[in-house]
Amino acid sequence: PPLLCYRRQRQMCIRDRIKEALEILNAYDPVSTPSADEIFSCSRTLNMMLRAYQSQGLHLWKLEEVHMFLQTDKTRYILSPTGDSAVLANTWFATAVKVAAVATDTTIDVDSTANMTVGDKIGIRMDSGTWHWSTVSSITDSDTVVIADALTDDAAIDNIVRSYTNNIQRPLKIRNAYLRKYSSNSDSQLHMVSREEYHAIGIKNQEGTPNQIYFDPRLDTAEVRISPEPSSTNTEDYIVLICEYPFEDFDTGANTPDFPPEWYEAVVWGLAVRLMYKYGATVTQDRRHEIMAISRNMLEEALSMDNENTSLFMQPHRRYLR
């Protein structure tokens, strides 16, 4: 059936893509199997090609919605597995304090522990507006959780409690950013500023509702800076980041493609072009030009699918309206 065929195609590993590219070059016949060293060499070429493809621009399947939780007196946030509290959308859960807690408490009564697991990160909003972040040590029952680090302040009934398992990986870019009001689930767009614009802001620790954001990708950990500094009254809100992530590297021939099916031909023919200089000694000049032309067409077709269905607005330049 068509659906079954689609699933089989989706599950084809990188070794199959490499073999397909080598068959295009007549470097292997259909019954041969590339060696482990050849798979490693071709995978290295494939990874470099995908990094080049990454520079082509927007890739919709690599965009992720990230939720970054605010803290009072904090304008600088690190985005990495060991950084600040930033998670993929739909991977965190909210509940509330059920019985008022006081400073030094480690056992917290909440409305529900249904989505919590031991080792999760847990944040409890204090009466002061700050967040106390710790980890889940144990779950006593359906509404009682024990945390590793004692509360540093009081937490009244109905104060928000958030829990999640993993921080995000370092993103490559941020496309858009919004401030989401937790109470009303409404968004307001943040103004993305450059490094120069951010450093030109005079008073960076002035309290208020964040309305500007600057993204610094860095090498190992990405960094986000916001302005103004969140006040104690809006730390229940959080920032929504639309992040672009890099393509995954392929370490073994058994890895599955980090591409949707409509990109498979573009990847295979693009790889064939690059492998011509390793395995294409018997490929004629005319055949080389043919493979390169097909590769370009395949890439253009794949890129044409990688667009959002949105409107385009144009207006003439004022200079020509005189």
Side-chain angles (χ1 to χ4, degrees), residues 64-169 177-185 187 207 209-210 213 221-226 229-241 243:
E64 295 283 0
E65 181 178 323
V66 169
H67 295 170
M68 187 181 82
F69 303 129
L70 298 174
Q71 286 274 27
T72 55
D73 305 324
K74 188 175 180 67
T75 59
R76 179 175 175 265
Y77 297 80
I78 302 299
L79 303 183
S80 76
T82 58
D84 291 297
S85 299
V87 300
L88 293 178
N90 302 320
T91 64
W92 64 276
F93 303 95
T95 184
V97 175
K98 185 177 182 180
V99 178
V102 298
T104 74
D105 279 353
T106 55
T107 300
I108 313 297
D109 290 314
V110 296
D111 289 344
S112 174
T113 60
N115 296 303
M116 296 182 187
T117 58
V118 173
D120 278 358
K121 298 174 177 62
I122 183 170
I124 301 149
R125 193 168 187 264
M126 304 286 93
D127 291 346
S128 62
T130 62
W131 281 84
H132 177 79
W133 284 98
S134 183
T135 56
V136 175
S137 294
S138 62
I139 300 170
T140 305
D141 51 41
S142 62
D143 61 359
T144 308
V145 59
V146 179
I147 62 176
D149 306 293
L151 296 182
T152 55
D153 198 355
D154 299 341
I157 296 175
D158 291 335
N159 278 17
I160 305 170
V161 178
R162 290 171 175 156
S163 65
Y164 66 93
T165 302
N166 296 313
N167 284 358
I168 61 166
Q169 298 293 323
Y178 309 87
L179 178 68
R180 178 163 295 171
K181 300 291 292 183
Y182 180 76
S183 58
S184 61
N185 198 34
D187 292 348
E207 288 192 351
T209 301
I213 186 168
T221 60
E223 182 177 298
V224 162
R225 300 191 187 188
I226 59 175
E229 181 181 279
S231 65
S232 59
T233 59
N234 59 24
T235 53
E236 66 176 16
D237 306 329
Y238 55 92
I239 289 178
V240 177
L241 305 172
C243 297

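This chain uses plain numbering: 1 for the first residue, then up along the sequence.
For S85, the side-chain contact (heavy atoms from CB on, under 4.5 Å) test picks out F69, W133, Y164, with sequence neighbours left out. Shown here are the side chain to side chain donor-acceptor pair (under 3.5 Å) partners of T72, two or more places apart in sequence or in another chain: there are none. A search for side-chain contact (heavy atoms from CB on, under 4.5 Å) contacts involving S183 returns E236, not counting sequence neighbours. Under the side chain to side chain donor-acceptor pair (under 3.5 Å) criterion, T130 pairs with S128, sequence neighbours left out. With sequence neighbours left out, the side chain to side chain donor-acceptor pair (under 3.5 Å) criterion links N234 to no other residue. For T75, the side chain to side chain donor-acceptor pair (under 3.5 Å) test picks out no residue, with sequence neighbours left out. The side-chain contact (heavy atoms from CB on, under 4.5 Å) check on D84 picks up K74, Y77, I78, with sequence neighbours excluded. Residues satisfying the salt bridge (Lys or Arg N to Asp or Glu O under 4.0 Å) test with R180, not counting sequence neighbours, are E65, D187. Residues that satisfy the side-chain contact (heavy atoms from CB on, under 4.5 Å) test with S138, not counting sequence neighbours, are V146.
Between V118 and S137, the shortest heavy-atom contact is CG1-O, 3.5 Å. When every heavy atom of L179 is checked against every heavy atom of P210, the shortest pair comes out as CD2-O, 3.9 Å. Considering all non-hydrogen atoms of both residues, S112 and A114 come closest at OG-N, 3.1 Å. The two residues S80 and N167 have their closest heavy-atom pair at O-CB, 3.4 Å. Across all non-hydrogen atoms, the minimal contact from A101 to L151 is CB-CD1, 3.5 Å. When every heavy atom of A86 is checked against every heavy atom of L79, the shortest pair comes out as CB-CD2, 3.7 Å.
Residues Q71 and P230 have side chains not in contact (no heavy-atom distance under 4.5 Å, counting atoms from C-beta outward). Taking 4.5 Å as the limit, every side-chain heavy atom of W131 sits out of range of all side-chain heavy atoms of L70. Counting only heavy atoms from C-beta outward, the side chains of D237 and T209 never approach each other to under 4.5 Å. Within the 4.5 Å cutoff, no side-chain heavy atoms of I122 are placed close to those of I108. Counting only heavy atoms from C-beta outward, the side chains of V97 and V161 approach each other to under 4.5 Å. For the pair V136 and T113, the minimum side-chain heavy-atom distance is 4.5 Å or more. With contacts defined as side-chain heavy-atom distances shorter than 4.5 Å, the pair L241/I168 does not qualify.
Screening residues 150-166 for salt bridge (Lys or Arg N to Asp or Glu O under 4.0 Å), with sequence neighbours left out, gives no hits. Evaluation of the salt bridge (Lys or Arg N to Asp or Glu O under 4.0 Å) test over residues 104-121, restricted to residues two or more places apart or in two chains, returns none. For residues 90-100, every residue pair satisfying the side-chain hydrogen bond (donor to acceptor under 3.5 Å, both in side chains) rule, not counting sequence neighbours, is listed here: H67-W92, K98-D143.
Interatomic distance, S232 OG to R125 CZ, rounded to the nearest 0.5 Å: 7.5 Å. Atom-to-atom distance recorded for H132:NE2 and I147:CD1 is 4.0 Å, nearest 0.5 angstrom. Atom CD1 of I213 and atom CZ of R225 lie 12.0 Å apart (nearest 0.5 Å). For the atom pair OG (S163) and CD1 (I124), the distance works out to 10.0 Å, reported to the nearest 0.5 Å.
At distances below 3.5 Å, at least one donor-acceptor pair connects side-chain atoms of S134 with backbone N or O atoms of D149.
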Derivation and outcome, side-chain contact (heavy atoms from CB on, under 4.5 Å), residues V66 and L88: CA-CA 4 Å; V66 169; L88 293 178; 4.0 Å; yes

